[in-house]
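This report concerns only the one structure given below.
All values below come from the heavy atoms of this structure, side chains included, with hydrogens, waters and symmetry mates left out. If you read the sequence from its start, that first residue is 1, and numbering goes on from there.
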Amino acid sequence: MAEKFAGTWKLVESENFDDYLKEMGVGFAIRQVVSRAKPTITFSVDGDGAVTLKTPRNEVKFRLSEEFEETTADERKTKNVVSLDNGRLVQRQQWDDKETTIEREVVGDKLITKLKMGDVEAVRTFVKEA
């Protein structure tokens, strides 16, 4: 089921992302750079079911419902679990005493990503390139 996420996706719209980054504790200068970027993300699924997620600054390989560690682009050392829930990839990411949830869903030719931390929610919309 994760196969429907496979491909390269380019960011076309971002709502409330600066507030989300601020809630995470990201500093002003980094928020300004990140908020202006139009990154691509690439998902692939290998024959054993492992999922690889590549961004311009990071690459992580994981299996659904199995915990893995990731050092994020902003150097946070996190523990993560990604599960499939009603066709959505739901990632729970924890570090220090904080937690964020990242939900990804394919809707038509778009990948809708909802990022939640505390009471703050951002939505980023990607379109499929390949």
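- Here the CZ atom belonging to Phe126 is positioned 10.0 Å from the NZ atom belonging to Lys38, to the nearest 0.5 angstrom.
- Residues passing the side chain to side chain donor-acceptor pair (under 3.5 Å) test with Asp19, sequence neighbours excluded: none.
- Considering all non-hydrogen atoms of both residues, Lys61 and Ala50 come closest at CE-CB, 3.6 Å.
- Under 4.0 Å is where a charged nitrogen must lie from a carboxylate oxygen, and between Asp109 and Lys128 no such pair does.
- Residue Thr8 holds its OG1 atom at 11.5 Å from CG of Leu111, rounded to the nearest 0.5 Å.
- Note on Met117: it does not cluster hydrophobically with Val123, by side-chain heavy-atom contacts below 4.5 Å among ILVMFWY residues.
- Annotation: Asp119, atom CG; neighbour count of heavy atoms from other residues, nucleotides and ligands within 6.0 Å does not exceed 12.
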Intermediate values then yes/no, side chain to side chain contact (heavy atoms under 4.5 Å, CB included), Thr40 and Lys54: CA-CA 8 Å; Thr40 59; Lys54 292 181 190 178; over 6 Å; no

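- No side-chain heavy atom of Leu89 sits less than 4.5 Å from a side-chain heavy atom of Ile102.
- With hydrogens and angles disregarded, a donor-acceptor distance shorter than 3.5 Å links the side chain of Thr100 to the backbone of Lys116.
- The nearest pair of heavy atoms linking Lys77 to Trp95 is O-CB, 3.4 Å.
- Separation of atoms CD (Glu70) and CG (Asn58) is listed at 5.0 Å; rounding is to 0.5 Å.
- Here the side chain of Asp96 pairs no donor or acceptor atom with the backbone of Lys98 at under 3.5 angstrom.
- Within 6.0 Å of the CZ atom in Arg57, the count of heavy atoms belonging to other residues, nucleotides or ligands does not exceed 12.
- Using a 4.5 Å cut-off on side-chain heavy atoms (C-beta onward), Gln93 and Arg76 make contact.
- The side-chain heavy atoms of Ile41 and Phe5, taken from C-beta on, include no pair separated by under 4.5 Å.
- To the nearest 0.5 angstrom, Glu99 atom CD is 6.5 Å from Arg92 atom CZ.
- Using the six-membered ring where Trp is involved, Phe68 and Phe62 have ring planes that are parallel, under 30° apart on the 30 and 60° scheme.
- Partners of Ser83 by side chain to side chain contact (heavy atoms under 4.5 Å, CB included), not counting sequence neighbours, listed by chain and number: Ser65, Val90.
- Side-chain atoms of Thr52 and Glu59, non-hydrogen and from C-beta on, do get closer than 4.5 Å to each other.
- Minimum heavy-atom separation, Ala37 to Leu11: O-CD2, 3.6 Å.
- The distance from atom OG1 of Thr42 to atom CH2 of Trp9, rounded to the nearest 0.5 Å, is 11.0 Å.
- Note: the hydrophobic cluster containing Leu64 does not contain Val81 (ILVMFWY, side chain heavy atoms under 4.5 Å, direct or indirect links).
- Side-chain contact check for Val60 versus Gln91: every heavy-atom pair is 4.5 Å or farther apart.
- Linking ILVMFWY side-chain heavy atoms closer than 4.5 Å, directly or via other members, places Val127 and Ile112 in two distinct hydrophobic clusters.
- Looking at Lys114 and Glu105, no side-chain N of the basic residue comes within less than 4.0 Å of a carboxylate O on the acidic one, giving no salt bridge.
- Residues Thr71 and Thr78 are not in side-chain contact: their nearest non-hydrogen atoms beyond the backbone lie 4.5 Å or more apart.
- For Leu21 against Ser35, the heavy-atom pair with the smallest separation is CD1-OG, 4.1 Å.
- Scanning all heavy atoms of the two residues, the minimum distance from Glu23 to Gly118 falls at OE2-CA, 4.5 Å.
- Ionic pairing of Lys10 and Glu129 is not present here: no N-O contact between side-chain nitrogen and carboxylate oxygen is shorter than 4.0 angstrom.
- Cluster annotation: Val120 and Phe17 are assigned to the same hydrophobic cluster (Ile/Leu/Val/Met/Phe/Trp/Tyr, side-chain heavy-atom contacts under 4.5 Å, transitive).
- Rounded to the nearest 0.5 Å, atoms CD (Glu13) and OG1 (Thr113) are 12.0 Å apart.
- Placement of Leu115 and Leu53 in two distinct hydrophobic clusters is found when ILVMFWY residues are connected by side-chain heavy-atom separations under 4.5 Å, directly or transitively.
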